[in-house]
2 protein chains.
Amino acid sequence: MEPRYAAPLGTPVLREAAGIRLAGEAGAALRATQAKAMASDAELWRALLGGAPLSDAEAGALEALARTHTVPTGQGVLSRSAAADTLVALRSGEVALGFRTADGTFRTERIVRGPAWLDLSSAWTGDTHVMDAQALGPAQVVELPRAALAARLAVHPGLAQRVIEGLAREVQALAVNTHELMHKDAPARLAQWLHQRCEPVDDTGNQAVVRLHERKRDVASQLAITPETLSRLMRSFTRQGVIEVSGYLVRVLDTVALERLAQA
Amino acid sequence: MEPRYAAPLGTPVLREAAGIRLAGEAGAALRATQAKAMASDAELWRALLGGAPLSDAEAGALEALARTHTVPTGQGVLSRSAAADTLVALRSGEVALGFRTADGTFRTERIVRGPAWLDLSSAWTGDTHVMDAQALGPAQVVELPRAALAARLAVHPGLAQRVIEGLAREVQALAVNTHELMHKDAPARLAQWLHQRCEPVDDTGNQAVVRLHERKRDVASQLAITPETLSRLMRSFTRQGVIEVSGYLVRVLDTVALERLAQA
DNA sequence: CGCAACATTGAGGGCCCTCAAGAGGTGTGG
DNA sequence: CCACACCTCTTGAGGGCCCTCAATGTTGCG
């Protein structure tokens, strides 16, 4: 069979969200995601809080506070109108972060695949969440009550340090993002986005591969461009001989040129 | 003799800093900035770390670590090429945060007036600073060594909590900023910017005043537009009867209309 | 096959940038 | 004192980038 389009992950997303059953290759790809074993607790905390493994005491403290629940496909995970009194993380699954507009549609700004934080910051400021979030598939969500956690941080300073580092990383990432939105045009942003998702092929180095795990329209959303513009840019890069696109697989033929495109 | 443009930034600001008088209303608005006295230590920490006053022990711990030094006008404060091993705050003065370009010019992205953090996040991640920074006038800069501070946080959990809250606020602000850059056009961004700097006049409420503490080109920088566009937008708002501009003083005639302009 | 969703392609237009010129203001040197 | 240099802001003309709208092609599904 061999369809030209490799694993169109985009299609199932909406259908899944609409409660429509999945079949075929798309479903297989998505199911593969689900099959990925839920991260063990230790792995979860390491992925969320970074580097070195936590001490047993620290891990135990988190376990005691953590409340895990499952969010069905299409359901809301965070709401801007709800007060944030817990830190929210995604253990497994995919969640779209963005904004629910007045007319009920959802404008995706970023897609998160577990394990990762969904909202590490809002609870500390006493405000509501900054973004809405919607499960793209069955999602395991972990919540840590802020008040109780704060009390435990006093006992386990190592945890406080982890939280600080996590927030600091988030600040850095957002600062870079802001800079790029302010000063880079669409081609540069796309080149940058592709470049930082390159998976090297065992080759000596100038070639690579980027696998798109989301619909192209969602990629466009993250880059603050329209799907049409994304399509045109892909074609433009292809004409320049920098990439080759087949469906959801992008072959990077010249990583150096790609990096140069990302500069301006 | 050094030429007047030795420091490439902010002529009115730098002139003011050099003790040169500005005439007219513009000068009056800008001069108000300089009059602000240096914050006391207690005020400094409260401004940086938020709400409730710190305990004596906490304040003492910070004092013991803090290293204050003065940066002369035009000098660099942070550098993207330098490893960040301290948290950096501005006690008093004005500093431009942005990027030094290859050709030596400085692209301002944000202007900070003390007391405020200049870089609360970089030191925790072990990377270099995310932005360059340059003093617009004589600036008192406070640095806290990260390693030593981390050790003290274990003893004073309250401080760790403050740092977490500070970082969380920064994340929230950046997230809002990113959202606005992605989804709002230039008029909306300007309206938003003006609206959140409104100083109410004792009137019943629909009128207000915005004092520009920086050159209009720096305001434009913060909004990611050109000075020309800013000028045209100001005129456009004026024609709509929403604001009245005279020099560095903006009178807001209709805050409701301004808020509406900020929506789209 | 008809239908639905996504991606692609083209035509047209709006927003905002670039370039250029001019006014107003302020120090500097003759 | 006055011409001059230099900076900032403003205004206009022109153009490029990217969006909007519409049509078409592909794939998967009933």
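Sequence lines set the chain letters: A, B, ... in the order given, protein chains first and strands last, and positions in each chain run from 1.
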Nearest-Å distance for atom pair [atom1]/[atom2], residues [X] and [N]:
X      : N      : atom1 : atom2 : value
A:R189 : D:dC17 : CZ    : C1'   : 11 Å
A:R107 : D:dC19 : CZ    : C1'   : 13 Å
B:L223 : C:dC15 : CG    : C1'   : 16 Å
A:R215 : D:dG28 : CZ    : C1'   : 16 Å
A:M234 : D:dC18 : CE    : P     : 15 Å
A:L190 : D:dC18 : CG    : P     : 11 Å
A:R217 : C:dT8  : CZ    : P     : 11 Å
A:L233 : D:dC19 : CG    : P     : 9 Å

Hey, does A:A224 reach any base, or is it just sugar-phosphate, or nothing, if we go heavy atoms under 4.0 Å? sugar-phosphate
Sugar-phosphate, base or nothing in reach of A:I225, heavy atoms under 4.0 Å: sugar-phosphate
Report yes if some heavy atom in the side chain of [X] is under 4.5 Å from a heavy atom in the side chain of [Y]; otherwise report no.
X      : Y      : answer
A:Q134 : A:V95  : no
B:E109 : B:L97  : no
B:L249 : B:R251 : yes

Candidates [options] - which lies nearest the side chain of [X]:
X      : options                : result
A:T229 : D:dT11, D:dC19, C:dC16 : D:dC19
A:P187 : C:dC17, D:dC18, C:dA7  : D:dC18
A:R232 : C:dT8, C:dT9, C:dC17   : C:dT9
A:Y248 : C:dC6, D:dC9, C:dT9    : C:dC6

Inter-end axis angle, the helix from C:dC1-D:dG30 to C:dG30-D:dC1, with every axis fitted to five base pairs (rounded, 10 degrees): 20°
Please lay out, stage by stage, how B:V77 and B:L118 fare under the test side-chain contact (heavy atoms from CB on, under 4.5 Å). CA-CA 9 Å; B:V77 179; B:L118 289 177; 3.8 Å; yes
How do A:E228 and A:D185 order along DNA chain D: which one's closest nucleotide is nearer the 5' end? A:D185
Nearest nucleotide by nearest heavy atom, which residue falls closer to the 5' end of DNA chain D, A:A186 or B:V245? B:V245
Calculate, to the nearest 0.5 Å, the distance between atoms CZ and CG belonging to B:R189 and B:L261 respectively. 14.0 Å
Return no unless some side-chain N or O of B:R235 is found under 4.0 Å from OP1 or OP2 of D:dT10. no
side-chain N/O A:T226 vs D:dC19 OP1/OP2, d < 4.0 Å: yes
Would you say the side-chain atoms of A:S79 pair up with the backbone N or O of A:S81, donor to acceptor, closer than 3.5 Å? yes
Side-chain donor-acceptor pair under 3.5 Å between A:S221 and A:D218, yes or no? no
Would A:L233 and A:I225 count as a side-chain contact (heavy atoms from CB on, under 4.5 Å) if you check the C-alpha gap in whole Å, the side-chain angles of each, and the deciding distance to 0.1 Å? CA-CA 10 Å; A:L233 290 177; A:I225 59 179; 4.2 Å; yes
